[in-house]
Amino acid sequence: MSAQGLPMKVPAPGLPARVRIHEVGARDGLQNEKGTVPTEVKAEFIHRLAAAGLSTIEATSFVHPKWVPQLADAEALFPLLDDIAEAREVSLPVLVPNERGLDRALALGARSIAVFGSATETFAARNLNRTVDESLAMFEPVVARAKAEKVHVRGYLSMCFGDPWEGAVPVAQVVKVAKALMDLGCDELSLGDTIGVATPGHVRELLTALNDSAVPTSSIGVHFHDTYGQALSNTLAALQHGVTTVDASAGGLGGCPYAKSATGNLATEDLVWMLNGLGIETNVDLTALTATSVWLAEHLGRPSPSRTVRALTPPPSSPSHKE
């Protein structure tokens with residue numbers, strides 16, 4: 001929060017008292033970078049995020065390096081986070097695409113994993129080289145083994161609100177795949193607006209339809225991209241419905257390498273600013289988080305796209321000129 005006591009806290013009725021931010025910058029954010037960030041910088045980034053108060057930080061992905069070379073250092077990175085994992089105050093989920101990815105994650109002691117599905121056939125083919133049904137079949141033994149090992153499982157579902165190839169995605173179609181993911185045994189479901197086309201009414205309709213199909217709000221997280229500037233308004237609609245888990249990326253990093261129209265994720269700083277103003281607890285130190293995003297932006301060689309980061313960061317001072 002800024003030194004002037006802003007934003008002023010003005011709670012709104014019907015909103016949760018606390019929100020858990022599922023930080024995705026280190027995985028979803030960095031996987032979309034053209035260059036590769038050094039392993040030591042990634043580790044420092046995650047440590048800084050944890051120090052800022054984030055309790056769930058998605059660390060990396062155990063996808064084959066051929067597909068996501070930016071995260072090819074998963075085996076080198078994860079041991080550098082042992083001190084965070086041992087404290088058990090911070091969860092470090094990792095993305096696994098299949099049983100081989102699960103083997104790699106479990107060998108390093110991962111206690112929280114995520115699988116990544118699609119609500120549409122075209123994206124499933126482009127991202128997973130499978131049909132939707134074939135991808136669910138691939139996830140089934142992954143989820144079963146993870147649950148047998150008492151590992152927490154998140155199911156990501158992309159293209160929930162629109163697809164760049166198929167256009168509008170029927171709500172019933174999304175619900176069908178979401179229900180199938182949950183029926184596999186996933187502990188939670190993250191609804192992805194991969195290309196950022198959702199609007200608040202659409203968000204409310206999908207959440208209601210999921211509830212009607214016996215997917216409880218308590219198991220749902222939301223993952224919005226800010227392509228059309230709707231991420232915060234969509235988040236507020238989800239909060240009004242009772243959702244308490246929101247995905248966000250420090251500094252607004254991210255996109256999707258398989259959907260070129262997908263721009264950056266909802267910036268964690270922008271989310272925290274809104275939640276602070278609503279009096280909703282997150283346990284996140286906005287000053288420390290902003291400093292972390294500025295630090296990473298320097299390593300990436302470009303300014304953060306987050307409006308809050310820009311607003312809270314003093315512009316560089318101009319050199320003085322003597323007559």
Side-chain angles (χ1 to χ4, degrees), residues 22-49 57-82 84 92-110 112-118 122-130 134-135 138-139 142 154 156 158-159 164-165 190 192 194-195 223 225 227 247-265 292-293 295-305:
H22 187 104
E23 172 61 47
V24 300
R27 196 276 302 172
D28 192 13
L30 296 184
Q31 78 172 16
N32 203 50
E33 290 299 307
K34 291 181 179 179
T36 300
V37 176
T39 304
E40 294 74 18
V41 173
K42 292 177 184 175
E44 177 67 16
F45 181 38
I46 293 170
H47 277 85
R48 285 173 179 250
L49 292 171
I57 306 169
E58 204 159 276
T60 188
S61 171
F62 288 91
V63 175
H64 194 286
K66 174 184 176 182
W67 304 114
V68 186
Q70 297 89 339
L71 302 181
D73 59 350
E75 267 89 359
L77 172 65
F78 207 72
L80 299 179
L81 310 176
D82 281 348
I84 298 177
L92 297 170
V94 295
L95 189 67
V96 301
N98 48 35
E99 287 196 90
R100 173 58 185 145
L102 179 63
D103 288 339
R104 294 169 61 199
L106 292 178
L108 290 170
S112 181
I113 68 157
V115 294
F116 194 89
S118 172
T122 305
F123 189 66
R126 288 174 176 262
N127 187 48
L128 299 168
N129 297 312
R130 285 169 171 78
E134 287 169 346
S135 65
M138 178 177 67
F139 299 147
V142 175
R154 164 179 260 222
Y156 275 107
S158 57
M159 301 298 172
W165 302 280
S190 175
T194 314
I195 58 173
H223 184 116
H225 287 228
T227 313
D247 296 4
S249 175
L253 294 172
C256 178
Y258 296 98
K260 298 305 179 185
S261 56
T263 56
N265 291 288
T292 294
S293 289
W295 169 84
L296 184 64
E298 292 171 352
H299 281 278
L300 298 178
R302 66 171 187 278
S304 165

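The structure displayed is predicted, hence computed values, not measured ones.
- In this structure, Trp165 and Phe123 have parallel ring planes: the angle between them is below the 30° cut-off, well short of the 60° mark.
- Side-chain atoms of Gln70 come within 3.5 Å of backbone N or O of Glu33 as a donor-acceptor pair.
- Closest non-hydrogen pair, Gly101 versus Val96, comes out as O-CG1, 3.6 Å.
- Among Arg48, Lys42, His47, the single residue meeting the side chain to side chain donor-acceptor pair (under 3.5 Å) criterion with Glu44 is Arg48.
- Going from atom CG of Asp28 over to atom NE2 of His223 covers 4.5 Å, rounded to the nearest 0.5 Å.
- When every heavy atom of Ala72 is checked against every heavy atom of Pro65, the shortest pair comes out as CB-CB, 3.7 Å.
- For the pair Ala26 and Ile46, the tightest heavy-atom approach, listed with the atom from each and the gap, is CB-CG1, 3.7 Å.
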Problem set entry | Step-by-step side-chain contact (heavy atoms from CB on, under 4.5 Å) determination, Val37 to Phe45 | CA-CA 10 Å; Val37 176; Phe45 181 38; over 6 Å; no
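- Every residue meeting the side chain to side chain contact (heavy atoms under 4.5 Å, CB included) condition with Glu40, not counting sequence neighbours, appears here in chain and number order: Pro38.
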Exercise. Between Thr36 and Asp73, does a side-chain contact (heavy atoms from CB on, under 4.5 Å) hold up when you go through it step by step?
Worked result: CA-CA 10 Å; Thr36 300; Asp73 59 350; 5.7 Å; no
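- To the nearest 0.5 Å, atom CD of residue Glu23 and atom CD1 of residue Ile57 are 7.0 Å apart.
- Contacts of Arg154 classified as salt bridge (Lys or Arg N to Asp or Glu O under 4.0 Å), with partners at least two apart in sequence or in another chain: Glu188, Asp247.
- When the salt bridge (Lys or Arg N to Asp or Glu O under 4.0 Å) test is applied to Glu298, no partner is found at least two apart in sequence or on another chain.
- Not a single salt bridge (Lys or Arg N to Asp or Glu O under 4.0 Å) links Glu134 to another residue, sequence neighbours left out.
- Looking at Val41 and Trp295, their side chains come closer than 4.5 Å, going by heavy atoms from C-beta outward.
- For the pair Leu108 and Glu75, the minimum side-chain heavy-atom distance is below 4.5 Å.
- The two residues Ser304 and Ala297 have their closest heavy-atom pair at N-CB, 3.9 Å.
- Here CG of Asn98 is found 7.0 Å from CZ of Arg130. Values are rounded to the nearest 0.5 Å.
- Listed by chain and number, the residues in a salt bridge (Lys or Arg N to Asp or Glu O under 4.0 Å) with Asp103 are Arg145 (sequence neighbours excluded).
- Considering OG of Ser293 and CG of Leu300, their distance stands at 10.0 Å, rounded to 0.5 Å.
- In this structure the side chain of Phe78 reaches within 4.5 angstrom of the side chain of Leu92, judged on heavy atoms.
- Looking only at side-chain heavy atoms (C-beta outward), Leu253 and Leu296 come within less than 4.5 Å of each other.
- Leu80 contributes atom CG, which lies 7.5 Å from atom OG1 of Thr39 (distance to the nearest 0.5 angstrom).
- Minimum interatomic distance between Ser158 and Ser118 (heavy atoms only, all atoms of both residues): OG-CA, 3.5 Å.
- Using a 4.5 Å heavy-atom threshold, the side chains of Val63 and Leu71 count as separate.
- Remark: His64 pairs with no residue by the ring-ring contact (aromatic ring centres under 6.0 Å, His included) rule, at least two apart or across chains.
- Taking every heavy atom of both residues into account, Ala59 and Leu81 meet most closely at CB-CD1, 3.8 Å.
- Taken to the nearest 0.5 Å, the OG atom of Ser190 stands 8.5 Å off from the CD atom of Glu58.
- Put simply, the side chain of Pro164 reaches to within 4.5 Å of the side chain of Met159, judged on heavy atoms.
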